There are 2 protein chains.
Amino acid sequence: MTEPTGRRERKKAQTRQSLADAALKLFLERGYDQVGVKDVADVADVSVTTLFKHFSGKEALVFDQDDDLEAALVAAVRDRTPGQSIPQALREHILLKQTQFAVHATDPRFTDFTRLVQETPALRDYAHRMWTRHEAALTRAIAEAVGAPEDDVSCAALARFALEARSLILRHAEPRQAADEAFALLEHGWAASHPGN
Amino acid sequence: MTEPTGRRERKKAQTRQSLADAALKLFLERGYDQVGVKDVADVADVSVTTLFKHFSGKEALVFDQDDDLEAALVAAVRDRTPGQSIPQALREHILLKQTQFAVHATDPRFTDFTRLVQETPALRDYAHRMWTRHEAALTRAIAEAVGAPEDDVSCAALARFALEARSLILRHAEPRQAADEAFALLEHGWAASHPGN
DNA sequence: TGTGAAAGTTTAGTCGTTGCGCTTATTTAG
DNA sequence: CTAAATAAGCGCAACGACTAAACTTTCACA
């Protein structure tokens, strides 16, 4: 079970890993815009076309694909502890995801990586896109949780605002406090129109 | 005063207009991605180099630059009618801007243009970027209006959420109703932490 | 063992975008 | 009125991200 794959898939995974490693290394050394996609391919010792068979674009090189991110988001709303409001559940979920990463804060590579992403427009935008990708799913989950129609505007607004709150929190030194302040707006506003959720 | 410019500036404005017209025409006919920047330049009868001297990129071809958009946003907060809350003022401002455009709703070109922008990812993203460009300025304006520190998180959150609300409103058939529902969240939440603003 | 799918390569190309050196037209100053 | 300064516009060559096509190698599996 530890090695369920054949030699072929292992080699493929290895190539992918080589590319990701090379990319991160070069981007941290020289900066994202100062590194060409060819440079990455050269260091990983593959052709440029191969690089694009593994990654959808230059920005994707530094992000591990979280496939079940959407499911976790929906579950955070659906399976929230009774008595907890939806904004509270979302705040907790986002903070949890954040502190999961922050566990590695001792690793200097982690803080460097974060700085790289936040200081590179292309990467910042890409990360934001990947995160807000699931707005529609979250909107549906919220609407279902409160028995509202699927296209209810206040549900869509809560979903959008909660997802947007993440980058507000991310750029602050005190994530917990920032989350509390940003979500206070949503909690009070939500309670006013959807009491008990 | 009606003609304060020389022949030079007039010609420049004319080529710029030719480019914008050609771009909109071609984009509407064939779709944004099916039109190359060279096609636009050819129809406008200028070189590609000249096109990029007038517009910062392909997406900018279809947007008139609103230079005082930021000032208007800040003014909407600073000069709001007494007794009106900041979220209310922002909602009105956004709705006003929207209906200013909607005046041209009789013009079939307007609805076509809107569809083009909303259905083309590159244009949708660009428009969103141009709009959210002024988040920092809006945050400062709000903070100043309530006497909070410049980097207050709840002010930043209100600014971000209010700006994000626009695209929520934009894609809905009933802008007024959508704005009311989306901003209800912000008004109640804001009132709870900043009573009287 | 051999066959076919999948990884990888090479080559050539598209498309947006920029830099360079040049011509041409307009403005400004002498 | 003329000459120098200014700016628009041009063609061309290039760069970087990305794709298509045709081909070779390698491994899994029947």
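Here is how names work: the chains are called A, B, and so on, in the same order as the sequence lines, proteins then strands, and each is numbered from 1. All values reported here derive from a predicted model rather than from experimental measurement.
- The distance from atom CD of B:Q14 to atom C1' of D:dA8 is 13 Å, rounded to the nearest whole Å.
- The aromatic rings of B:F63 and B:F113 lie perpendicular to each other, with more than 60° between the two planes, well past the 30° mark.
- Where A:H54 and B:K58 meet DNA chain C, the nucleotide closest to each residue was compared, and A:H54 sits on the side nearer the 5' end.
- One atom, CZ of A:R7, and another, P of D:dC29, lie 12 Å apart when rounded to the nearest Å.
- Put simply, CD on A:E9 is 16 Å from P on C:dA5, counting in whole angstrom units.
- Here the side chain of B:H188 pairs a donor or acceptor atom with the backbone of B:A184 at under 3.5 angstrom.
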A:V43 and A:L26: CA distance, side-chain angles, deciding distance, side-chain contact (heavy atoms from CB on, under 4.5 Å) verdict: CA-CA 9 Å; A:V43 171; A:L26 291 178; 3.8 Å; yes

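- Going from atom NZ of B:K11 over to atom P of D:dA8 covers 13 Å, rounded to whole Å.
- Neither OP1 nor OP2 of D:dA8 sits under 4.0 Å from any side-chain N or O of B:T15.
- Atom CZ in A:R16 sits about 16 Å away from atom C1' in C:dA6, given to the nearest Å.
- When atom types are taken as modelled, the side chain of B:W131 and the backbone of B:L163 share a donor-acceptor pair closer than 3.5 angstrom.
- Atom-to-atom, CG of A:L51 to P of D:dT19 comes out at 11 Å; the value is rounded to the nearest Å.
- Within 4.0 Å of A:K53, counting heavy atoms only, lies at least one base atom of the nucleic acid.
- Using modelled atom types, one side-chain atom of A:S167 and one backbone atom of A:E164 make a donor-acceptor pair closer than 3.5 Å.
- A donor-acceptor pair shorter than 3.5 Å can be found between the side chains of B:Q177 and B:E181.
- Following rounding to the nearest Å, B:L26 (CG) and C:dG16 (C1') show an atom-to-atom distance of 16 Å.
- Rounding to whole angstrom units, NZ of residue B:K12 and C1' of C:dT27 are separated by 14 Å.
- A salt bridge links B:E135 to A:R171: at least one charged side-chain nitrogen sits closer than 4.0 Å to a carboxylate oxygen.
- Residues of residues 29-50 of chain A having a heavy atom closer than 4.0 Å to DNA chain C, listed by number: A:D45, A:V46, A:S47, A:T49, A:T50.
- Within 4.0 Å (heavy atoms only), A:R8 reaches at least one base atom of the nucleic acid.
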